[in-house]
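A short worksheet on the structure shown next.
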Amino acid sequence: LELKQLIYLDNAATTRPIINVDGFYREYAQNSWYNPSAMYKQAVEVERKLNDARKTLALPISAIPEYTLFTSGGTESANAAILRGFHLNGGKKQHFIVSAYEHAAVYASFQALQNMGHSVSYLSPEQDGHISEESLCSLVNEDTALVSIMHVNNETGSVNDIERLSAAVKRINKNTLFHSDGVQGYLRCPFHFQASSADYYTVSAHKVHGLKGTGAVFFKKNTPLKSLIYGGSQERGLRAGTENTFGILFFGEAVKEYTKDLEQKLEHIKTLNLSLKQKLLRLDGAYLLSPSENCAPHILNIAFEGIRAEVLLHLLEQKDIAVSTGAACSSKKKREDRIHKHLGFGTNILEGALRFSFSFENTLDEVDTVSNEVAYALTNFRKYVRR
Ligand SMILES: Cc1ncc(COP(=O)(O)O)c(C=O)c1O
């Protein structure tokens, strides 16, 4: 009931589960709770369902189901691909490249590599929020083991051309592996993994209407990958521990449901985004932080000069509108401006940055309400401050 009243525009932080959990849970508790590694037919049936989920996840990005690994989420997927996914080269210290505005899941993995003695180049995006092919290529050398460039930036929505960037890296060093964090890009921006030169693409269920605590790594045949976790030989030895079968089956169902009329859903999301953008940019002191071109359909980042984003966020919260000041994982800590700083915005603007993120469930009426409430909050706040 509460959810109905709330205008939820924080879909880059997490999305509402798409299917009826009660019905799904009953089915699971009756038929699908067996251990998929066991040998009797009920268990084999669960294993078959897991493999069906693999097919469902891989299909929309033309990945190969056999090379789709289930994990506990986007964070573990990125950790696994980055820390357990490169050729060890006899223990020799190697070179890595990562864009400087990655999510902490990726960024901290590279800091771990650096702490192990490897060298890491951090590549800043261009002013428009994209990673330049030329700057990336200038960093690749014969010792570069792995490159990681995110598909869609979770704060601004800028989209990187992963097909082009991964191909460019391989032209310079065919042995350099390429990972892309696809958590915000998966099923929001078109991408064909198998046809691309990327070696790993990592995703998370709860960003596409699945449940938290489930994710996947898509990888290529013959690409190195080892288990991050020590233990049993589940997932063909690539991820120890009994599978989160409930989360995985739910992930499959969510993707099946979400990808029905996906193009229409994305068109709707784009329309909502454009409408809110146009309305908000008419307001005094509004400043677009999302790129004006090549932006993901679901993310809109706008700063309002002269007001701290937290203040505006709480004023909107009082009106039952949920938005974000940035990545949810860092918004509880002191605001981490690593990402925006790399985009070259001044602090007076950064302090007022709000992220609005949409799902297919939002409506144009909600957009109208939000733009009116932002205008109202700004006017009142500024009046109060000036007095
Ligand atoms: C770009 C990006 N990468 C990784 C993650 C981490 O995913 P998860 O929450 O499933 O660990 C997130 C979500 O917060 C994200 O937005």
Side-chain angles (χ1 to χ4, degrees), residues 8-17 57 61 68-83 85 98-112 125 129-131 148-160 162 179-189 191 198 200-218 228-229 239 244 246-248 250-251 254-255 258 290-291 295-301 322-333 335-336 338-340 342-343 353 355-359:
Y8 182 73
L9 290 188
D10 199 15
N11 289 283
T14 196
T15 51
R16 196 163 77 92
L57 300 196
I61 58 159
T68 300
L69 166 71
F70 292 120
T71 67
S72 70
T75 300
E76 186 193 320
S77 292
N79 273 250
I82 295 161
L83 296 169
V98 61
S99 70
Y101 66 163
E102 295 284 331
H103 185 275
V106 170
Y107 196 78
S109 298
F110 280 89
Q111 290 188 312
H130 303 103
I131 293 295
S148 189
I149 307 290
M150 71 200 312
H151 188 187
V152 170
N153 181 269
N154 49 300
E155 302 236 13
T156 63
S158 59
V159 184
N160 285 309
I162 297 305
H179 164 253
S180 182
D181 175 348
V183 167
Q184 298 290 345
Y186 181 57
L187 306 183
R188 278 157 170 162
C189 295
F191 178 58
Y200 313 93
Y201 188 68
T202 50
V203 302
S204 173
H206 74 102
K207 309 283 182 172
V208 290
H209 304 277
L211 299 178
K212 288 148 196 73
T214 327
V217 180
F218 301 104
L228 192 65
I229 296 168
R239 201 225 180 226
N244 171 7
F246 185 77
I248 294 167
F250 197 105
F251 196 1
V255 167
Y258 175 61
S290 288
C295 185
H298 67 301
I299 295 179
L300 173 64
N301 201 319
V323 298
S324 159
T325 57
C329 57
S330 57
S331 58
K332 287 206 184 92
K333 290 190 268 159
R335 180 114 175 74
E336 188 190 16
R338 168 175 66 80
I339 289 150
H340 281 143
H342 278 287
L343 295 171
R355 182 186 68 185
F356 304 86
S357 50
F358 307 87
S359 86

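This is a predicted model, so every value here is computed, not measured. Residue numbers count from 1 along this sequence. Whatever order the structure lists ligands and atoms in, that order sets their numbers, starting from 1.
Checked by atom type, the side-chain pair H151/S180 shows no donor-acceptor distance below 3.5 Å. Counting only N and O atoms by type, the side chains of K212 and T14 include a donor and acceptor under 3.5 Å apart.
Backbone and side-chain nitrogen or oxygen atoms of G74 are examined, and one is located within less than 3.5 angstrom of a nitrogen or oxygen of ligand 1.
When the options I299, D181, V106 are ranked by their closest heavy atom to atom 1 (C) of ligand 1, first place goes to D181. One option in H103, E102, M150 has a heavy atom closer to atom 5 (C) of ligand 1 than any other, and that option is H103.
Taking the six-membered ring where the residue is Trp, the centroids of Y200 and F218 are separated by 6.0 Å or more.
Taking every non-hydrogen atom of S204 and a distance limit under 4.0 Å, the qualifying atoms of ligand 1 come out as 8 (P), 10 (O). Atoms of ligand 1 found under 4.0 Å from any heavy atom of G73, numbered from 1 in the order shown, are 10 (O). Close contacts of ligand 1 with K207, meaning ligand atoms under 4.0 Å from a residue heavy atom, involve 12 (C), 13 (C), 14 (O), 16 (O).
Residue-level proximity to ligand 1 for N154 is carried by the side chain, the only part with a heavy atom below 4.0 angstrom.
By the 4.0 Å heavy-atom criterion, K212 is excluded from the residues contacting ligand 1.
If you run side chain to side chain donor-acceptor pair (under 3.5 Å) between R355 and each of T325, D10, N301, only D10 comes through.
The aromatic rings of F251 and Y186 lie perpendicular to each other, with more than 60° between the two planes, well past the 30° mark.
Listed for the N153 side chain is a donor-acceptor partner under 3.5 Å among the backbone atoms of E155.
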